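Quick note on labels: first sequence line is chain A, next is B, and so on, each numbered from 1. Bear in mind that the values here come from a model prediction, so they are computed numbers and not experimental data.
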Amino acid sequence: MTVKTRFAPSPTGYLHIGGVRTALFSWLYARHHGGRFVLRIEDTDRERSTEESIQAILTGMEWVGLDWDEGPVRQTERFARYAEIAESMLRAGTAYRCYCSREEVEAMRAAQVARGENPRYDGRCRDRRAPVPGVSPVVRLRSPGTGSITVHDLVHGDVPFDNAGLDDLILVRSDGVPTFHFGVVVDDADMGITHVIRGDDHLTNTPRQIHILQALGMPVPVYAHLPMILGADGARLSKRHGAVNVLEYREQGYLPAALLNYLVRLGWAHGDQELFTRAEMIRLFDVASVNAAAARFNPEKLAWLNQQYIQRGERGYLAGELATHMARRGVDARQGPPLAAVVDAYRERAVTLEDIVQASGYLFVEPVPLDEKAARQHLKAAIAGPLARARERLVVLGDWRRQDIHDAVTAVAAESGLGFGKIGQPLRVAVTGGTVSPPIDVTLELVGRERTAARLARALDYIAAQPA
RNA sequence: GCUCCCUUCGUCUAGCGGUCCAGGACGCGGCCCUCUCAAGGCUGAAACAUGGGUUCGAUUCCCAUAGGGAGCGCCA
């Protein structure tokens, strides 16, 4: 039997970070077993479903590289099929029409709660023969009511439920639109989904869905209910915990590989291994070893992972990504050194691509803004001589290469009777406008000879202009 | 209220009855390296929720309790 899994988000907003993990685990399971992965859009809630959400989901999935083999299938395209199945259930007697009004059902529940009972539909329309004129009925499942059912779950084990607690749920609404439970079950069965991997907020819904399947005589898939992702405070992940929309991570300069690596380690581990390539994840992943407990989202660890990926990433790829971010920030990459060189200079000191954009700005603008505080502190009269000597040496350098630049600066320091640090920091401020940059030789190499000379001249002018 | 799920350092986790005075990672502290910022190296503090069982022996199995979470809709 070929494994087939699916990811079935409802398009009522952006693609949530928790959704991405669910999709990832589902995708990994399919890929690990050489199976198929389906993307299905559960848009039966026409009030809340939007086309923008569908686009956001597709864009998010593409960004993280979770590719699907079938779909996206939309439930709204399958209404005829649901109606057909409902009709057959009505004929078989496994479902019935219920003419109770919403008010009637609500009153029933209120009375039950008042008596300290479980709010549940009491099945009063089960044996009704005649339709009620002027009322469009809903279709309800005739559920067992007695006995018990156990859900065989790959992460939670066997979970038993008492059928007495499960009432006759609605399959088709009075307007003919199928409910979530009905749509899911019919779709999974029709698509041949073998493994339903989803959030464990669905665990207690599962016995009801199995009842529908059994009424239909359809095979029951294997279930795996994933624990939820919580915010740092243990509450359900939401906007106030920071970014929850995947695409926000893209904006912030995270790499999809790092995000996926972070997500796969939430609830799953392979010994002490922290870094996983996509191929390793596929090879090693197994839902059965997923933790049953909820996990908290830890932005710091994600940041560390992203840094790891930037540190080790292929420079051409990173340069390409960096170009995208620079363009978005309005930085003209043509005004500076090759981005591959920028990546190499900054990969050890950046957590995100945005960090690189921010920190390397001085390479792409002219004139570079001079930080007041830094200038006041480092560009003093006493350093004017050494800076001038450095400029002289640098402009005549044979090759504008890191090593030669380093030698020149070292020589200036020696002849000025200064330590390397005493000349390095003023040079940095003069050339970058600030106090932080890669090693001074690397920095100067990136800035280039012309600009270095010009910026040193400007720094000397600045010093000269200061009152003694 | 009822049903179900969960519980190892602050966080993510390893551990599948003795290997554990509990290992790794993030974060945090210290030291080293150092032209800034980083990166890196070394190092330190930090956990088996509680109570009962089962067993020669429990972090590991069972049951309670406590604390979290989810579901109980003509939402998904």
Side-chain angles (χ1 to χ4, degrees), chain A residues 8-12 42-45 47-49 98 100-102 105-106 109 112-113 115-121 136-140 151 153 155-156 159-162 164-167 169-175 177 179-181 183-184 199-208 225 227-228 230 232 234-236 262 265-275 289 291-305 307 311 346-351 359 374 378 406 409-410 413 419-429 432 434-441 443:
Chain A
S10 54
T12 54
E42 310 222 321
D43 56 351
T44 53
D45 183 348
E47 302 283 287
R48 299 195 297 152
S49 299
C98 166
C100 296
S101 66
R102 295 176 201 241
V105 173
E106 272 163 33
R109 291 209 177 92
Q112 288 164 332
V113 170
R115 272 178 270 132
E117 295 171 13
N118 241 351
R120 59 196 301 278
Y121 181 69
S136 349
V138 298
V139 175
R140 285 184 185 272
V151 174
D153 190 281
V155 350
H156 290 279
V159 184
F161 290 89
D162 206 336
L166 279 8
D167 62 0
L169 74 159
I170 293 175
L171 266 19
V172 182
R173 297 184 258 240
S174 51
D175 62 0
V177 176
T179 59
F180 164 73
H181 292 298
V184 164
D200 70 4
D201 47 338
H202 287 308
L203 183 56
T204 52
N205 285 153
T206 305
R208 321 172 83 97
H225 287 95
M228 320 212 64
L230 276 19
R236 199 172 181 149
Y262 176 71
R265 284 283 289 98
L266 234 40
W268 178 81
H270 181 256
D272 289 339
Q273 189 170 345
E274 295 289 350
L275 265 24
S289 56
N291 233 35
R296 298 184 189 209
F297 190 85
N298 183 346
E300 267 119 31
K301 185 139 187 185
L302 202 214
W304 176 78
L305 273 166
Q307 185 177 90
Q311 239 174 83
Y346 277 94
R347 65 198 317 159
E348 277 187 355
R349 61 204 89 236
V351 168
H378 296 283
H406 189 270
V409 176
T410 304
F420 195 98
K422 292 290 185 213
I423 180 76
Q425 206 51 355
L427 266 176
R428 175 170 283 112
V429 173
T432 71
T435 56
V436 176
S437 84
I440 198 64
D441 47 359
T443 300

*Mind checking who B:rC42 pairs with, Watson-Crick or G-U wobble, both distances under 3.5 Å?*
B:rG30
*Side chain of A:A293 - closest among B:rA76, B:rC6, B:rG27*: B:rC6
*Measure from CG on A:L302 to P on B:rC12 and round the result to the nearest Å.*
14 Å
*Of the nucleotides B:rC26, B:rG23, B:rC4, which has the atom closest to the A:D272 side chain?*
B:rG23
*With a non-hydrogen cut-off below 4.0 angstrom, is A:S10 in contact with a base, only sugar-phosphate, or nothing?*
sugar-phosphate
*Is A:N298 near enough to B:rU13 that one of its side-chain N or O atoms lies under 4.0 angstrom from OP1 or OP2?*
no
_Residue A:L203, side-chain heavy atoms: nucleotide from B:rC35, B:rC5, B:rU13 that is nearest_ = B:rC5
*For B:rC35, which nucleotide in any strand shown is its Watson-Crick or wobble partner with both distances under 3.5 Å?*
none
*Take atom CZ of A:F161 and atom P of B:rG71, then tell me their distance rounded to the nearest Å.*
13 Å
*Does B:rU54 have a Watson-Crick or wobble partner in any strand here, with both distances under 3.5 angstrom, and which is it?*
none
*Given B:rA25, is OP1 or OP2 found less than 4.0 Å from the side-chain N or O atoms of A:R265?*
no
_Let's see if you can work this out: which of B:rG10, B:rG71, B:rA76 has an atom nearest to the side-chain heavy atoms of A:H181?_
B:rA76
*Are A:V409 and A:I423 close enough that some pair of their side-chain heavy atoms sits under 4.5 Å apart?*
yes
*Pick base, sugar-phosphate or nothing for A:Q307, based on heavy-atom distances below 4.0 Å to the nucleic acid.*
sugar-phosphate
*Could you check which nucleotide pairs with B:rA49 in any of the strands shown, counting Watson-Crick or G-U wobble with both distances under 3.5 Å?*
B:rU65
*Just compare B:rA38, B:rC12, B:rC26 and give me whichever is closest to any side-chain atom of A:E348.*
B:rA38
*Examine B:rG40: is either OP1 or OP2 under 4.0 Å from a nitrogen or oxygen in the side chain of A:R349? Give yes or no.*
no
*Counting any heavy atom closer than 4.0 Å, what does A:H225 reach on the DNA or RNA strands: base, sugar-phosphate only, or nothing?*
nothing
*asked:* Taking the minimum atom-to-atom distance to the side chain of A:Q425, which one of B:rG1, B:rU36, B:rA76 wins?
replied: B:rU36
*Please give the nucleotide sitting opposite B:rA22 as a Watson-Crick or G-U wobble pair, both distances under 3.5 Å, or none.*
none
*Counting only Watson-Crick or G-U wobble pairs whose two distances fall under 3.5 Å, which nucleotide matches B:rC9?*
none
*With a 3.5 angstrom cut-off on both distances, give the Watson-Crick or G-U wobble partner of B:rU59, or none if there isn't one.*
none
*Per A:N291 side chain, nearest of listed nucleotides B:rU13, B:rA76, B:rG27*: B:rU13
*For B:rU36, does either OP1 or OP2 sit under 4.0 Å from a side-chain N or O belonging to A:T443?*
no
*Quick one: look up who B:rG71 pairs with, Watson-Crick or G-U, both distances under 3.5 Å, and put none if it's unpaired.*
B:rC2
*At under 4.0 Å, does any side-chain N or O of A:H156 touch on OP1 or OP2 of B:rC6?*
yes
_Polar pair under 3.5 Å, donor/acceptor by atom type, side chain A:T179, base B:rC74_ = no
*Any side-chain heavy atom of A:V155 sitting closer than 4.5 Å to one from A:H225?*
no
